[in-house]
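Predicted, not measured: the structure shown is a model, and the values here were computed from it. Residue numbers begin at 1 in each chain, while the letters A, B, ... track the order of the sequences.
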Amino acid sequence: MSPPSPHPRRTRLPRAFYSRDPRVVAPELLNKILLRDDGRAGRIVEVEAYAGAEDPAAHSYRGKTARNATMFGPGGHLYVYFTYGMHWCANAVCGRPGEGVGVLLRAMEPLDGIELMREARRFPARTRDIASGPGRLAQAMGIDRTFDGADLVTMERGITIVSDGTPPPEHPIAGPRIGIRHAVEHPWRWHVPEHAHVSKTRAGVPPARKGRGKT
DNA sequence: GTCCCGATTCCCT
DNA sequence: GGGAATCGGGACC
């Protein structure tokens, strides 16, 4: 028998879970739990799919480079990139090797290790500001470039995604992705309905399109 | 080598 | 609702 665990029902996702189209995997990642071996854990409530060579908004759109090499590897690994000179963002690589597809983890509801997360985030005033946004999520979980390529299935670098038995929402909210310039027409962002920890806008309210877009 | 700008966040108005 | 912060990647010369 295995030793007793405070969360006996948490089970790791198999490689096969990730080895599919990111637009299928993304909504299925909702309500799963991102878990670190230092006890930090949070429920994933918002994600975006990036579809590789057919997706001008994807880092992998123009092919493999040193930065995005992890995206072109097998599914079930973490692709971590640095942006805006200060933020790290984490993706679950999906699909098959060479496809360059994945799912950006955009927002999380803190579950365990919340004091560690608050410290990592330099003590935000409100709990919902701990991990409601991709940069915030990575900072709260202590994810930086050393986690790029980490295998979520084997947990070799102490990070994984697990299920506690909670199914994905039956009717997730789908809408346009946030913070991109190309392919904004694709509704490849999903979040849990009515959830306080979703980024950018209030739960259930799609982000307002600004600037040059059609109305 | 130079230049532009980003899968963002925070703080101000 | 808007602009600054801040720096590495990638396109181009």
Side-chain angles (χ1 to χ4, degrees), chain A residues 18 21-23 25-27 29-30 34 42 44-72 75 77-95 99-108 110 117-149 173-191 196-202 205-213 215:
Chain A
Y18 301 98
D21 190 293
R23 291 158 290 193
V25 176
L29 277 172
L30 296 176
L34 183 62
I44 297 164
V45 296
E46 179 183 348
V47 293
E48 283 176 356
Y50 285 87
E54 63 175 274
D55 181 4
H59 287 170
S60 50
Y61 179 63
R62 291 178 175 79
K64 186 176 176 178
T65 67
R67 179 204 200 190
N68 65 23
T70 298
M71 277 198 94
F72 289 86
H77 291 250
L78 207 59
Y79 165 50
V80 180
Y81 67 88
F82 185 65
T83 193
Y84 288 96
M86 60 191 98
H87 301 300
W88 298 97
C89 296
N91 302 248
V93 176
C94 295
E99 289 185 337
V101 301
V103 175
L104 172 66
L105 307 179
R106 284 198 58 94
M108 195 182 74
M117 292 188 200
R118 291 184 49 77
E119 181 182 6
R121 290 274 299 125
R122 300 197 293 179
F123 306 105
R126 296 169 301 191
T127 300
R128 67 174 175 274
D129 288 331
I130 291 177
S132 56
R136 293 169 169 180
L137 181 154
Q139 188 174 43
M141 292 297 277
I143 296 171
D144 61 17
R145 73 163 1 122
T146 67
F147 287 82
D148 182 45
I173 307 296
R177 293 175 291 183
I178 295 174
I180 57 172
R181 309 205 318 171
H182 303 288
V184 293
E185 68 276 16
H186 296 306
W188 293 345
R189 169 187 183 235
W190 289 267
H191 64 84
H197 293 256
V198 166
S199 75
K200 197 79 175 176
T201 56
R202 290 215 317 279
V205 180
R209 193 173 300 183
K210 66 178 183 180
R212 318 165 179 74
T215 53

Given C:dA5, B:dT9, C:dG9, the nucleotide with the shortest approach to the side chain of A:R145: C:dG9
Under 4.0 angstrom between A:T65 side-chain N/O and C:dG10 OP1 or OP2: yes
N or O in side chain of A:R67 less than 4.0 angstrom from C:dG8 OP1/OP2: no
Residues, nucleotides or ligands: over 12 heavy atoms within 6.0 Å of A:F82 CZ: yes
Most 5' of A:M86 and A:R62 on DNA chain C, judged by nearest nucleotide: A:M86
Near-parallel close stack of A:Y50 and B:dA7 base (under 5.5 Å, under 30°): yes
Test: A:R126 and A:D129 ion pair at under 4.0 Å: yes
B:dT9 OP1/OP2 closer than 4.0 Å to side-chain N/O of A:H87: no
Residue-phosphate contact under 4.0 Å: A:R121 side-chain N/O, B:dC10 OP1/OP2: yes
Side-chain N or O of A:R136 closer than 4.0 Å to phosphate OP1/OP2 of B:dC10: yes
Any A:R106 side-chain nitrogen or oxygen under 4.0 Å from OP1 or OP2 of B:dT8: yes
Lys/Arg-Asp/Glu bridge criterion (N-O < 4.0 Å) met for A:E54, A:R23: yes
Paired nucleotide for B:dC12 [Watson-Crick or G-U wobble; both distances under 3.5 Å]: C:dG1
Chi angles and distances behind the side-chain hydrogen bond (donor to acceptor under 3.5 Å, both in side chains) call for A:S60, A:N68: CA-CA 6 Å; A:S60 50; A:N68 65 23; 5.9 Å; no
Sugar-phosphate only, base, or nothing, as touched by A:L104 at under 4.0 Å among non-hydrogen atoms: base
